[in-house]
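Letters A, B, ... are given to chains in the order of the sequence lines, protein chains preceding strands, and every chain is numbered from 1. What you are looking at is a predicted structure, and each value in this text was computed from that prediction instead of being measured.
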There are 2 protein chains.
Amino acid sequence: MKNISRKTVDRALIYIRTLDHLIKEKRYLVSSKDLALITGISDVQIRKDISNFGKVGRPRIGYKTAELNKTLKGFVLQENVVHVALFGVGHLGTAMLSYPAFNEDNIKLVAAFEKDKSKIGKKINGVKVYSVETAPKIIKRTHADLGIIAVPASHSQEVADIMVLSGLKGIVNFAPASISVPKSVSVKDIDFTIELLSLFCNNLQ
Amino acid sequence: MKNISRKTVDRALIYIRTLDHLIKEKRYLVSSKDLALITGISDVQIRKDISNFGKVGRPRIGYKTAELNKTLKGFVLQENVVHVALFGVGHLGTAMLSYPAFNEDNIKLVAAFEKDKSKIGKKINGVKVYSVETAPKIIKRTHADLGIIAVPASHSQEVADIMVLSGLKGIVNFAPASISVPKSVSVKDIDFTIELLSLFCNNLQ
DNA sequence: TCTCAATCGTTCTAAATTTCACGATTAGAC
DNA sequence: GTCTAATCGTGAAATTTAGAACGATTGAGA
């Protein structure tokens, strides 16, 4: 099997999202040019990405939406449902618990953890809120794969340590601070401030 | 002046965030190796990035935190305060309005827009909620530079069109759908589902 | 049947980015 | 004052990524 680059996988996830949408609209065929118009990714890039997963297109016709979607999902998702644990049930954490798209996709929030005792024991959108101390036990029981840090930056490292200890293999970190984790754990940082400033600095001046 | 790449600018924002933190801790000196340990970016990369902005380090010593911070900010932020308009005051939008880091940084949420009439006219965390129809007028009056899409995917294109019409030059799009905008407007997509699946696909299998 | 236009898939080229290697500089120890 | 170890800054090599060019394939229409 080919070695498929991280960027290709990331774009494949965009193609899958787009195809899901097209299929819902009863669209049966789509060309790389169509996908380029929708996604903003060049048609050449799209064809090259797709060719990593086999020859599923037909010249003059394009791709069958359902077939392409199935092929892409077969490679990148493999029917997996990703189990995710959430740390921090403040405004952002609550927004994640209420995020409607997770239900349609291959993502399941299996547990939430919080320091504030008044929130512990409650259920939000079907997800139970536990004390942070119980995280290792609960995470093993629920087979969580990934974790989300939605606590203040002042506690993000502390929470990251617990996540690593609990055996999580990937972390989405919303706290505006770098965290240190072993190489075996991968981290994706999303700092709202930096995202906005990056847009501003890179394009407006 | 040198042509500084987008990736360098993005990393510079991480250095600035880190330096802000170190300065708050009364740390006066930092080496590229120290910064590498904290941020996870290689020390060579850090030195090369910084060298874009001049020779501010001293061999054997490292960088003065305050001086380096000032230099970096001078290049990438230039004392600007970025004015941001928010579209959608649901769970995620409310989380953005309550996001504490914006106040410390160079970001000011100047207005929020919402369809739901029961929310219009209220003030959340000092930010007034307006009807979406009034966006062009309010955005011009408040001199907003960037916008945030925090509405459901079903309405994201509609909202994006209004943002473009209102003169916003950059958009952070949290809706899980691609939006089409003129080339002059830059877009940063943040799809929580894709972020999680990307972590999972790229590292766990 | 033949031609044509659209589209895929692939190879080669170019650009961007990171990593490596190493010289230059400096503070401190002796 | 000299040596040493740490650190910066930079030019070159290597890697990754995107882009361009182009042949191959296919369905439709004359």
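Atom C1' of nucleotide C:dG9 and atom CG of A:Leu35 are separated by 15 Å, given to the nearest angstrom. The distance between atom CZ of B:Arg47 and atom P of D:dT7, rounded to the nearest whole Å, is 10 Å. Rounded to a whole Å, the CG atom of A:Leu29 is 11 Å from the P atom of D:dG27. The separation between A:Leu68 atom CG and C:dT7 atom C1' is 14 Å, rounded to whole Å. Between the P atom of C:dA15 and the CG atom of B:Asn3 lies a distance of 14 Å, rounded to the nearest Å. Rounded to a whole Å, the CG atom of B:Asp10 is 10 Å from the P atom of C:dT18. Rounded to whole Å, the distance from OH on B:Tyr63 to P on D:dT7 is 11 Å. Rounded to an integer number of Å, the gap from A:Lys64 NZ to C:dT7 C1' is 16 Å.
Side-chain proximity of B:Lys7 to the nucleotides C:dT18, D:dT17, D:dT10 is greatest for C:dT18. When distances run from any side-chain atom of B:Lys48 to the nucleotides D:dG9, D:dT26, D:dG11, the shortest one goes to D:dG11. Across D:dG27, D:dA18, D:dT7, the shortest atom-to-atom separation from the side chain of B:Pro59 is found for D:dT7. Listed nucleotides: C:dT17, D:dT17, D:dA18. Nearest to the side chain of A:Arg11: D:dA18. Distance from the side chain of B:Val44 is smallest to D:dT10 among D:dC8, D:dT10, D:dA18. Listed candidates were D:dT17, C:dG9, C:dT26. Nearest to the side chain of B:Arg58 is C:dT26.
For B:Tyr15 and B:Tyr63, the ring centers are positioned 6.0 Å apart or more. Outside the 6.0 Å centre-distance limit, the rings of A:Phe102 and B:Phe192 are not counted as a close aromatic pair.
No hydrogens or angles considered: nothing links the side chains of B:Thr134 and B:Ser131 as a donor-acceptor pair under 3.5 Å.
Residue A:Arg60 places none of its side-chain N or O atoms closer than 4.0 Å to OP1 or OP2 of D:dT25. Not one side-chain nitrogen or oxygen of A:Ser32 sits closer than 4.0 Å to the OP1 or OP2 atom of C:dT7. Contact check, B:Lys55 against D:dT10: a side-chain N or O comes under 4.0 Å of OP1 or OP2.
At least one side-chain heavy atom of A:Ile179 sits under 4.5 Å from a side-chain heavy atom of A:Val181.
For B:Gln45 and A:Ile61, each mapped to the nucleotide of DNA chain C holding its nearest heavy atom, the one lying further toward the 5' end belongs to A:Ile61.
A salt bridge between B:Arg17 and A:Asp191 is present, with a side-chain N of the basic residue lying under 4.0 Å from a carboxylate O of the acidic one.
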